[in-house]
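First comes the structure, then the notes that go with it.
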Amino acid sequence: MHVTRRGLLTGAAIGGGLLVAWTFYPRQFPNPLEPREGEQVFDAWLKIAADGVITVAVPQLEMGQGVTTLLPQIVAAELGADWRQIGVELAPISGQYANVPLAARWAPMWMPLAADLASEPDAFLARRFAQNNRFCATGDGTSLDAFELPCREAAASARAMLAQAAADRWGVSWEQCEAADGFISHGDQRLSFGELAAEAVEYDAPDPPPLRSAPYSEEALSGETAAAIPYHRLDLPSKVDGTFQFAGDVRLPGMVYAAIRHGPVDKAELVEFNPFNARNVRGIVGAVKGKRWLAVVATSWWAAEQALDTMHPRFSVDYLVDSSEIEQRFDEALATGKPERIASRGDADEGMDQPDLALRYDVEPGVHATLETSTATARFTDGKLELWIASQAPEQARIAAARALDIGVEDVVLYPMPAGGSFDRRYEHDHAIEVALIARQIGRPVQLVWSRWQELLAARPRSPVAIVLRAKLSQDGEARIDALRTRIAMPPANLEFGQRLFENKASWAAISDTEGAADSLACEGAIPPYAIPNVAVDHIPVEIGLPVSRMRGNAHGYTAFAVESFIDEIASRNKREPLSFRMAMLGSDPRLAACLQRAAQLAEWNGGVEQSGQGIACHRIGDAETGGRIACVATARAGEGGVLVTRLVAAVDIGRIVNLDIARQQIEGGLVFGLAMAMGAGTRYAGGLPTSQQLAALNLPHLADCPDIEVDFIASEAAPADPGELGVAVAAPAIANALYSATGLRLRRLPLLSGGL
C-alpha cells in the first residue's frame, strides 16, 4: 500500500529517482525504499520528489493511534518542510526499522532463560535480535522511543545535504542557510527542496547530523505558511470521506471471498460437515478443510457464509472451557499454589499471615471487540504468496504464512494495511495462515473475513485474573501502609503469547512448556508508585485451559484496578480522605502528585464523600524517570438499567509532547476503552463457548453513553512517554471508587456489572 499526502488530496503521487547511501545506519541492511519517477531517496526514512512532495516511510501499523502522522511530523519539523508537502509510505519489512526498545521490553518472551541480558534498551542482544529478525512490531507505545531519533537524524542529514547543494549554487557557507516551509534560503535567495533534491543526494551528510534544538516548538514553525498549517492527521480526510483503505477494501482481479467456521478454542478438530446441503447456494467456488476450521469460498462473502450455515460443521474438543472451573482453579491456586516472587523491596512477608486488610479482586476474560474483524487477502501464484493484512508484527505474519505453505519466507510478500482497531489483537496471525492455505487450494485471489461470532469464538481474550492484596498498617493511628503484598493468580499469558509469536506455532492450544512458569510481564503495574517501605508482588501460575493473549492496557488494566481500589478501601475504612491519603504517600513522585492535584482541582473534587458519586485513582506506567503518569476523577451514579458515568477528568504527565492533538486523542480513547472494560467488553465461558456472542452482548458504551471528558496535560521536559494505555489503566478504578461513593457498594470484579449493583 502506498499512501501519500497528495494521494489523500488529489489521488496519486509521482516518483522515480536515485538511491543514495547513508552513513548513520547499519550498512548490512540495503535501503528498503524504492524511488519512483522524479524522486530521490535520501535514506531509509524519506524521499523528496522534484515537485516538492516529501514521502516519509512509516514502519509501524496505523491502528488509530496516529503513527502515520506522528513520525512524518517529526521528519517535517526537523527537515523544515511545509506540512502540505508530506506524504506517507507504509514501509516494507526490514531490519532497518527494528523496534529495539520493544524487543528489549519483551526479552522474557524471546529469551526467557537470560532475559536480563537483553532487557536494557541499549542492550546488544536486543538490538541484534530485533535487526536480525526484522522485528518492526508495533506495540507498548514504543514508536517514539524507537523511531523519533532515527527520523530526526534522517531529516537533519537531508536538510544539511539540501543546504549544501543550495550553498554551492550561491557561493556561501551551508551553515548560514535556513530551512523552512520546504525551502532553503539565504538572505533574499530561496530554492525549494524539490529543485535541490537531485543535486543534494550527491553530498555527504554531516556526522553527527545537525539536529535542531527544539523542532516541535512554536518558534520552530517559522514562516507564514507553517504557522497557518498545524499538524493535522494525514489519515483523517480519507477516513471521513470513506476512501481510506483497510484490509477488507482490497480488490484484485478475479478475487473471490471466503467465510470460515472454527470450533471452540483449545484443540478443537473438524470431524464432520455436509457439503451437499449447500448445493442450492449460488456462487460457490469451493470449500477448504483445515484441521481446526472449515472455509467456503464464493463469489460473495454472504453466499459463502450462507453455505457454511447449511453444512453444519461439527468439531471434537478434548476440553470445554468453563468460567466456573477457572474460578475454582484460581481459588485453589491462591489457597495452596506456589507463588513466584516477581519484584520486592523491603520485607513484605512479615506478619502477612494476619494482615490488617486482605481483599480479592477478579477480572473476567477481556475481548478486543475491534470494529474490523480478522480480515486478510491472499494471492498464491508460481510458488509465491502475496498477503494484504494488518499486522502488529508483520515479519512474524510472513513466517507463519510461509511455514503453513512450506515455502521460504522470501517467497512471501506482505503488503501492510492499516487496522480498523487492534488493541493488540493484530499480533495473532491465524487468519494469515488460513487465507494462505485457502488461496493455494482455490487457485485464485481470496479475501477471508471472519464474522463477528467467529471473532469472539476463535480470538484469544485477555486472561482472566484473580488478585489478592494484603496490607499491614502503621500502629500510630495514621493508617500508613507499612507493607503491601500482591499475589496474582493467572496463566503465564505473555509466555504463551511469546511462544506463538516468536516460534509461530499454528495452534490454539496453550503452550504446554510454559505451565508453571512465572510471567513478570503479567504483573506490570502491581508495584504502586507510593512510598510504601515493604512491597512484594508474586505470580501464581495457573493452567486454565483457555489460550489467552495481550490486550490494550495489558497487565496495567487489572493491576491498577486492584491496587487503586485497595488503596481507596484502606482510606475509607480508616476514615481518611482518598486524595490526601494518596498525596501523603507520593513524596517520591512529585510528578504524579501534581497530576492528582490538577485532576482534583479541575473536577472540583469534594473528597469523595458519601453519595457524591466522585471517585479518584492514579497510576504510573514505566519507571520513575521516564514513565507516564495519570490521575483521574470519575463521576458516576447508579441509573436505570445499570451504571451511568457522567464525567471523567484526567490530568496527565507524559513528558515532552510531540503532537498535542494526538496525545489528547490517545488519552480520551484510552479512557473510553477503560470505560468499556469497566462496564463490559468481557465474557464468561460455558461449554467451551463464550457467553457473549455478539457486540450487543458486550455492553460497550454507545456514543450517548460516553461521559464528558476533560484532559489536561502537565508541562514537562522529561522524555516522551506513551499516552495510549494510561487512560485504560486508570478508568476502571476511578469508576469503581465513584460508584462506592454514590451507592456504598464496593465492586471488586471487572466488568463491574458482572456481579450486579
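Quick note: numbers below take in every heavy atom, side chains included, and nothing from hydrogens, waters or symmetry partners. Being a predicted model, the structure only gives us computed values, none of them experimental.
A 4.5 Å side-chain heavy-atom check between Leu484 and Pro528 finds at least one atom pair inside the cut-off. In this structure, the side chains of Thr559 and Ile488 come closer than 4.5 Å at one or more pairs of heavy atoms. Residues Pro720 and Glu148 have side chains in contact (heavy-atom distance under 4.5 Å, counting atoms from C-beta outward). The side-chain heavy atoms of Ile48 and Leu162, taken from C-beta on, include a pair separated by under 4.5 Å. Between Arg552 and Asp424, the closest side-chain pair of non-hydrogen atoms is not below 4.5 Å. Under the 4.5 Å side-chain criterion, counting only non-hydrogen atoms from C-beta, Ile621 is in contact with Leu726. Taking 4.5 Å as the limit, some side-chain heavy atom of Asn99 sits within range of a side-chain heavy atom of Gln60. Counting heavy atoms from C-beta outward, Cys523 and Tyr558 have side chains that stay 4.5 Å or more apart.
Under the 3.5 Å distance criterion, with hydrogens and angles disregarded, no donor-acceptor pair is assigned to the side chains of Asp43 and Asn31. A donor-acceptor pair shorter than 3.5 Å cannot be found between the side chains of Ser549 and Arg425. Remark: the Asp145 side chain and the Thr142 side chain contain no N/O donor-acceptor pair separated by less than 3.5 Å. Judged by distance alone, the side chains of Arg500 and Gln396 never bring a donor and an acceptor atom under 3.5 Å apart. A donor-acceptor pair shorter than 3.5 Å can be found between the side chains of Ser374 and Arg426. With hydrogens and angles left out, the side-chain atoms of Asn494 and Arg550 include a donor and acceptor closer than 3.5 Å. Side-chain contact annotation: Gln392 with Ser422, donor-acceptor N/O pair under 3.5 Å present.
In terms of heavy-atom proximity, Pro492 sits nearest to Ala517 at CB-O, 3.4 Å. In terms of heavy atoms, Ala555 sits closest to Ala522 at CB-O, 3.5 Å. Of all heavy-atom pairs between Ser391 and His429, the closest is OG-NE2, 2.9 Å. Heavy-atom minimum distance, Ile630 versus Leu592: O-CD1, 3.7 Å. Contact between Gly337 and Ile540 at its shortest, heavy atoms only, is CA-CG2, 4.1 Å. For the pair Ala721 and Gly627, the tightest heavy-atom approach, listed with the atom from each and the gap, is CB-C, 4.0 Å.
Remark: the backbone N or O of Ala44 is paired with a side-chain donor or acceptor of Tyr97 at under 3.5 angstrom. Panel note: side chain Arg398, backbone Val409; a donor-acceptor pair is recorded below 3.5 Å. When atom types are taken as modelled, the side chain of Arg152 and the backbone of Arg212 share a donor-acceptor pair closer than 3.5 angstrom. Using a distance-only test at 3.5 Å, with no hydrogens or angles considered, a donor-acceptor pair links the side chain of His539 to the main chain of Met490. Within the 3.5 Å criterion, the main-chain N or O of Pro210 finds a donor-acceptor partner in the side chain of Arg159. Judged by distance alone, the side chain of Glu62 and the main-chain N or O of Gly64 form a donor-acceptor pair under 3.5 Å. Formation of a donor-acceptor pair under 3.5 Å by the Gln73 side chain with backbone atoms of Val658 is found in this model.
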Please lay out, stage by stage, how Thr486 and Asp538 fare under the test side-chain contact (heavy atoms from CB on, under 4.5 Å).
-> CA-CA 6 Å; Thr486 302; Asp538 298 333; over 6 Å; no
Could you go step by step and tell me if Val730 and Glu564 meet the side-chain contact (heavy atoms from CB on, under 4.5 Å) rule?
-> CA-CA 8 Å; Val730 80; Glu564 282 299 288; 5.9 Å; no
Take Thr69 and Asn659, measure what side-chain contact (heavy atoms from CB on, under 4.5 Å) needs, and give me the verdict at the end.
-> CA-CA 9 Å; Thr69 294; Asn659 187 304; 4.3 Å; yes
Could you walk me through whether Asn133 and Glu395 pass the side-chain contact (heavy atoms from CB on, under 4.5 Å) check?
-> CA-CA 8 Å; Asn133 291 277; Glu395 180 65 1; 5.9 Å; no
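Ring orientation note: the planes of Phe502 and Phe135 are tilted relative to one another, at an angle of 30° to 60°.
Using a 4.0 Å cut-off between charged side-chain N and carboxylate O, Glu89 and Lys47 make a salt bridge. Between Asp589 and Arg629 there is a salt bridge, since at least one side-chain N of the basic residue sits less than 4.0 Å from a carboxylate O of the acidic one. Taking 4.0 Å as the cut-off between side-chain N and carboxylate O, Glu717 and Arg656 do not count as a salt-bridged pair. Between Asp349 and Arg341 there is a salt bridge, since a side-chain N of the basic residue sits under 4.0 Å from a carboxylate O of the acidic one.
Separation of atoms CZ (Arg134) and CZ (Phe129) is listed at 11.5 Å; rounding is to 0.5 Å. Summarising the geometry, atom CD1 belonging to Ile433 is positioned 10.0 Å from atom CZ belonging to Arg403; distances are rounded to the nearest 0.5 Å. For the atom pair CD1 of Ile54 and CG of Leu79, the computed distance is 5.0 Å after rounding to the nearest 0.5 Å. Residue Phe42 holds its CZ atom at 12.0 Å from OG1 of Thr55, rounded to the nearest 0.5 Å. The distance from atom CE of Met417 to atom CG of Leu61, rounded to the nearest 0.5 Å, is 10.5 Å. The distance from the OG atom of Ser344 to the CD1 atom of Ile527 is 7.5 Å, given to the nearest 0.5 Å.
Atom CZ of Arg664 is surrounded by more than 12 heavy atoms from other residues, nucleotides or ligands within 6.0 Å. Within 6.0 Å of the CD atom in Glu175, the count of heavy atoms belonging to other residues, nucleotides or ligands exceeds 12.
Taking the centre of each ring, Phe147 and Trp45 come in below the 6.0 Å mark.
By the ring-ring contact (aromatic ring centres under 6.0 Å, His included) test, Tyr427 pairs with Trp106, Phe497, sequence neighbours left out.
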